[in-house]
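Right, one structure below, let's go through it.
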Amino acid sequence: MQLFKETGWRWWWLILAFIVLDQLTKQLVHQQMALYDSIALLPFFNLTYVRNYGAAFSFLSDAGGWQRWFFTIIAVVISMVIAVWLSRVSRHQLKLNLALALVLAGAIGNLIDRLVFGYVIDFFHLFYQNWHYPAFNIADSVICIGAGLLIWDSFSSQPEDKA
């Protein structure tokens, strides 16, 4: 139990909350919308159901199927590394713990999709006139926020005293 109190694992509840939120929204889209259906919400934002068989920005999405297992293995390895890292980070390193928790939640959220469906469900669609940002989901969003926090932490944290 000490692991959860004194390390980054005290954020387990946040990891779980984002995984659940991600999966609930994906299931809602999957069950209520047909593939490629789009619902206009704002002049620059739609909910559009798409399937991503690749990685970020649909990288390798048309590679023939092997990419599913390749990205699954990468997600499992990254998740394990982050889980171990969280178990070794002091609870006082707030930015780093939050960053790792968000990246882990997003990685697991998209991993679940790959294992269950063979693709990741995306639905947030930002655009302006003829410019379109690739569709994304909550897992992608928390990964990006976590990555930003990791970068911020790497530039702002003080080295620990080794004395």
Side-chain angles (χ1 to χ4, degrees), residues 1-4 6-37 47-91 93-126 132-155 157:
M1 205 49 145
Q2 195 70 7
L3 175 72
F4 289 100
E6 298 301 321
T7 70
W9 269 110
R10 70 188 325 229
W11 292 93
W12 67 268
W13 59 271
L14 184 67
I15 297 166
L16 185 60
F18 274 116
I19 292 170
V20 169
L21 180 64
D22 176 65
Q23 289 300 302
L24 285 175
T25 57
K26 288 173 178 174
Q27 284 305 310
L28 189 64
V29 166
H30 184 67
Q31 292 172 1
Q32 300 298 318
M33 297 176 72
L35 187 61
Y36 305 117
D37 273 358
L47 288 182
T48 303
Y49 176 23
V50 296
R51 297 175 179 169
N52 184 353
Y53 292 88
F57 306 107
S58 297
F59 176 66
L60 293 177
S61 64
D62 56 357
W66 63 267
Q67 74 277 17
R68 172 186 184 184
W69 301 112
F70 176 72
F71 292 128
T72 298
I73 291 167
I74 288 174
V76 168
V77 169
I78 288 171
S79 296
M80 291 187 324
V81 167
I82 292 172
V84 170
W85 193 357
L86 269 172
S87 74
R88 296 180 179 177
V89 175
S90 166
R91 71 184 186 112
Q93 293 180 272
L94 180 63
K95 273 187 293 201
L96 181 56
N97 284 317
L98 184 56
L100 294 173
L102 292 175
V103 172
L104 182 58
I108 292 171
N110 283 340
L111 173 62
I112 291 168
D113 282 17
R114 282 192 202 290
L115 290 172
V116 172
F117 301 112
Y119 53 83
V120 174
I121 296 171
D122 289 329
F123 51 89
F124 291 139
H125 177 211
L126 293 170
H132 295 266
Y133 191 78
F136 58 99
N137 58 45
I138 290 174
D140 299 334
S141 300
V142 296
I143 288 171
C144 288
I145 293 166
L149 285 171
L150 273 173
I151 294 167
W152 181 21
D153 181 68
S154 72
F155 285 109
S157 62

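Fair warning: this is a prediction, and the values are worked out from it, not measured in the lab.
A distance of 11.0 Å separates CD in Q32 from CD in Q27, rounded to the nearest 0.5 Å. Rounding to the nearest 0.5 Å places CG of L47 at 6.5 Å from CZ of F124. Going from atom CD of Q23 over to atom CG of N110 covers 8.5 Å, rounded to the nearest 0.5 Å. In this structure, the separation between CZ on F117 and NE2 on H30 is 4.0 Å, given to the nearest 0.5 Å. To the nearest 0.5 angstrom, I121 atom CD1 is 11.5 Å from I112 atom CD1. Note: Y49 OH to Q31 CD = 10.0 Å, rounded to the nearest 0.5 Å.
Nearest heavy-atom pair, L104 versus I82, reported as atom, atom and distance to 0.1 Å: CB-CG2, 3.7 Å. When all heavy atoms are compared, the tightest approach of K26 to A139 is NZ-CB, 4.1 Å. Here the shortest heavy-atom pairing between Y133 and H125 reads O-CD2, 3.6 Å.
Side chain of W11 to main chain of R91: no donor-acceptor pair is present (N/O by atom type, distance under 3.5 Å, no hydrogens or angles). In this structure, the side chain of N97 engages the main chain of Q93 through a donor-acceptor pair within 3.5 Å.
Side-chain atoms of N52 and D113 include no donor-acceptor pair closer than 3.5 Å.
Among I108, L111, I138, L24, the single residue meeting the side chain to side chain contact (heavy atoms under 4.5 Å, CB included) criterion with I19 is I108.
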Q) Going through the distances and angles, do L86 and W12 end up as a side-chain contact (heavy atoms from CB on, under 4.5 Å)? A) CA-CA 10 Å; L86 269 172; W12 67 268; over 6 Å; no

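Using a 4.5 Å cut-off on side-chain heavy atoms (C-beta onward), F123 and T48 make no contact.
Taking the six-membered ring where the residue is Trp, the centroids of Y53 and Y119 are separated by under 6.0 Å.
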